[in-house]
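Here the structure is laid out as structure tokens; the discussion comes afterwards.
Residue numbers run from 1 in the order of the sequence given.
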Amino acid sequence: MRGGGLLVAGTTSDAGKSVVTAGICRWLVRKGLKVAPFKGQNMSLNSFVTREGAEIGRAQAMQAQAARVEPTALMNPVLLKPGSDRSSQVVLMGRPVGELSARGYHGGRQKELFEPVLACLEELRSTYDAVICEGAGSPAEINLRRTDIVNMGIARAAQLPVVVVGDIDRGGVFAQFFGTTALLAPEDQRLIAGYLVNKFRGDVTLLEPGLDMLHGLTGRRTFGVLPYAHGLGIDEEDGLRVSLRGAVRESVVAPPVGEDVLRVAVCAVPLMSNFTDVDALAAEPGVVVRFVDRAEELVDADLVVVPGTRGTVKALAWLRERGLADALARRAAEGRPVLGICGGFQALSEHIDDEVESKAGSVAGLGLLPVRVRFAVEKTLARPVGEALGERVEGYEIHHGVADVRGGDAFMSDDKGNSLDGCRVGAVWGTHWHGSLESDGFRRAFLREVAAAAGRRFVPAPDTSFGALREDQLDRLGDLIEEHADTDALLRLIESGPPEGLPFVPPGAP
């Protein structure tokens, strides 16, 4: 039995495809359907490691959680991890297979990946009642249509109905819907079932005449108008959901438990990866998290985080150029807290030997931790479990750098006290483990240590559950779909495919 399917496309990047896909997944699973997310090709520096040790986009891991299923490599067979403006590491079925320029990828390699991507989709459809696919960018990128494996290419091959999402908060959504449709070939247009307006503010009755006119122009209906929802801290793919130097606030949280707040500054290093690591900090009452790029912004911070990066050596140069490296050294000397995660941990080391990522060879680190790092060709992909600060910790590892720890205290250990990862010297900590701060007990213990070192009368809330907050956010996405979309019509699309008789909108693809 072949399950139903739907492709959620977007008029632009960041139109809301990821969250709409997650919302549809949560709505369907609450109806009792067995549902899976899918994205044939994802470009992102925010990734996740599945139970079988495969690397996929964090957005697809989040969507799998929305669907209440375990994420697998089938859900994101191709992941592109940018290493510069013109090249990316290609991850196929969860494993890196090489580094390619954009021209090299679109010039031939992408075409080779079409059959494996389609096979993954078909395998999911043979197992699940419904597969909700997410597109990438816009389906009307006419310069890339010939080699497309994530938008209309996969929709046409699998005969999937397509709903196009538009972000009305940016303006111009009617032109985006019409233009997206009108730039597609007739064979692709036949799959465009209609539209979904995202991030609407105001009185929807004022929008309805425009939706009627859009229907008259395209012959396609709008399946819903989703209101602007504040406080949805759902994992994104390829960009910060806040502006640089903007505060991160995952949800509406209670006032601080103690007398003080904790201020966390996250260095916005180049090619920053898995910046979602700090989401769990931002979810704590009384913790204020900001992304920063200037040394003076570290002065009043109680904790500075040097996050993961796809370019450790490039990040090191950036930290030095901006005076952040000196500011971090001063903090360490004064006993003020610093946390390095993955590439950030490597940057805090004494020495780096990199013939793999940057090919820069021997490079001096910041020297804040007694660690020497060697980049290996094979990438470490793992889902470790251990203990730290007397609490259980879970995380995931995604890195080429291998750390040789030559001193300090163990950070992550096993139940016998043997070091598993990272180290600590004074108030400077480093670990390769992403996601560790999502472990509630460990996060509270770590924040108590930070508060003590910073001299703050901050007390972690005793009952903050990051997992429960994430579930609440996913339920809110499901509610948005259930309450503001025509779910009966969406279900018919998923079960029966594209509607018959959809008109062609000229001029079509050039």
Side-chain angles (χ1 to χ4, degrees), residues 3 18 21-22 25-26 29 34-42 44-79 81 89-97 116-117 119-134 234-235 237 273-274 276-277 279-280 308 341-342 378-388 391-400 412-415 420-422 431-443 465-468 470-471 474:
S18 295
T21 300
C25 285
R26 179 52 59 102
V29 78
K34 188 179 178 185
V35 58
F38 177 80
K39 185 162 185 172
Q41 171 197 291
N42 193 349
S44 178
L45 286 171
N46 283 334
S47 57
F48 183 77
V49 179
T50 67
R51 292 286 180 198
E52 71 267 29
E55 184 180 8
I56 66 172
R58 264 198 79 105
Q60 278 61 66
M62 173 271 292
Q63 291 160 358
Q65 186 178 349
R68 296 181 180 146
V69 295
E70 191 67 34
T72 73
L74 291 172
M75 297 172 184
N76 179 206
V78 179
L79 174 64
K81 303 193 72 174
Q89 183 181 67
V90 181
V91 179
L92 176 62
M93 293 304 293
R95 298 286 172 180
V97 294
V117 166
C120 288
L121 174 59
E122 292 304 314
E123 185 171 343
L124 288 173
R125 293 185 74 180
S126 70
T127 307
Y128 291 87
D129 299 324
V131 179
I132 308 303
C133 308
E134 180 188 346
I234 296 297
D235 297 350
E237 289 183 351
S273 61
N274 287 63
T276 49
D277 282 331
D279 287 354
I341 302 174
C342 199
E378 290 296 316
K379 181 184 284 191
T380 296
L381 297 169
R383 289 278 293 273
V385 177
E387 294 182 358
E391 299 286 348
R392 187 176 189 273
V393 187
E394 295 184 43
Y396 55 99
E397 295 184 67
I398 308 169
H399 54 93
H400 284 279
M412 307 297 180
S413 304
D414 63 19
D415 56 5
L420 294 176
D421 178 79
T431 177
H432 273 127
W433 292 16
H434 293 291
S436 61
L437 293 166
E438 296 178 19
S439 298
D440 296 326
F442 166 69
R443 182 181 64 255
S465 167
F466 185 76
R470 177 52 51 88
E471 275 296 302
L474 293 172

Query raised in the report: CE/M412 to OG/S436 distance, rounded to the nearest 0.5 angstrom?
Result: 4.0 Å
Query raised in the report: Just by modelled atom types, is the G3 backbone N or O under 3.5 Å from a matching donor or acceptor in the D129 side chain?
Result: no
Query raised in the report: What closest approach, in Å, do G308 and C342 show between heavy atoms, and which atom pair accounts for it?
Result: CA-CB, 4.3 Å
Query raised in the report: Distance-only, no hydrogens or angles: does the N274 side chain make a donor-acceptor pair with backbone N or O of S47 under 3.5 Å?
Result: yes
Query raised in the report: Between E471 and R26, is the closest basic N to carboxylate O distance under 4.0 Å?
Result: yes
Query raised in the report: So how far is it from I56 CD1 to L79 CG, rounded to the nearest 0.5 Å?
Result: 9.0 Å
Requested in this report: For the residue pair D421 and P384, establish whether any side-chain heavy-atom pair is separated by less than 4.5 Å.
Outcome: no
Query raised in the report: What's the spacing between H399 NE2 and L381 CG if we round to 0.5 Å?
Result: 8.5 Å
Query raised in the report: Closest approach of F38 and V117, non-hydrogen atoms and distance?
Result: CZ-O, 3.6 Å
Query raised in the report: Does any N or O in the side chain of N46 come within less than 3.5 Å of the main-chain N or O of S273, such that one atom is a donor and the other an acceptor?
Result: no
Query raised in the report: Under 3.5 Å, is there a donor-acceptor pair between the K379 and Q89 side chains?
Result: yes
Report task. Look up atom CG in L92 and atom CD in E55, then write down how far apart they are to the nearest 0.5 Å. Result -> 12.0 Å
Requested in this report: Find out whether M75 and V131 are in side-chain contact, i.e. whether some heavy atom of one side chain is under 4.5 Å from a heavy atom of the other.
Outcome: no
Requested in this report: Determine whether the side chains of E134 and S18 contain a donor N or O and an acceptor N or O closer than 3.5 Å.
Outcome: yes
Query raised in the report: So, do K34 and T127 sit near enough that their side-chain heavy atoms are less than 4.5 Å apart?
Result: yes
Query raised in the report: What's the shortest heavy-atom distance between A64 and P37, and which atoms?
Result: N-CG, 3.6 Å
Query - Closest non-hydrogen atom pair between A67 and V35, with its separation - result: CB-O, 3.4 Å
Requested in this report: Report the distance from atom CD1 of I341 to atom OG1 of T431, rounding to the nearest 0.5 Å.
Outcome: 7.5 Å
Query raised in the report: Counting only N and O atoms by type, is there a donor-acceptor contact under 3.5 Å from the side chain of S439 to the main-chain atoms of F442?
Result: no
Report summary line: Across all chains, not counting sequence neighbours, the side chain to side chain contact (heavy atoms under 4.5 Å, CB included) partners of L74 are T72, M93, C120, E123, L124
Query - Non-neighbouring partners of E387 that pass side chain to side chain contact (heavy atoms under 4.5 Å, CB included), sequence neighbours left out - result: D415
Report task. Nearest 0.5 Å please: distance from the CD atom of E52 over to the CZ atom of R383. Result -> 9.5 Å
Query - Selection residues 54-79 - residue pairs positive for ring pair (Phe, Tyr, Trp, His ring centres under 6.0 Å), sequence neighbours left out - result: none
Report summary line: Scanning both residues in full, the closest heavy-atom pair of W433 with G395 reads CE3-N, 4.4 Å
Query - Nearest heavy-atom neighbours spanning K39 and N76 - result: O-ND2, 3.1 Å
**Report entry** Cationic N near anionic O, under 4.0 Å, E438 to R470
**Finding:** no
Requested in this report: Tell me, with the steps shown, if L474 and M62 meet side chain to side chain contact (heavy atoms under 4.5 Å, CB included).
Outcome: CA-CA 9 Å; L474 293 172; M62 173 271 292; 3.9 Å; yes
Query raised in the report: Are any side-chain N or O atoms of R392 and backbone N or O atoms of V385, one a donor and one an acceptor, separated by less than 3.5 Å?
Result: no
Requested in this report: Kindly indicate whether the side chain of F466, heavy atoms from C-beta on, has any atom under 4.5 Å from the side chain of D279.
Outcome: yes
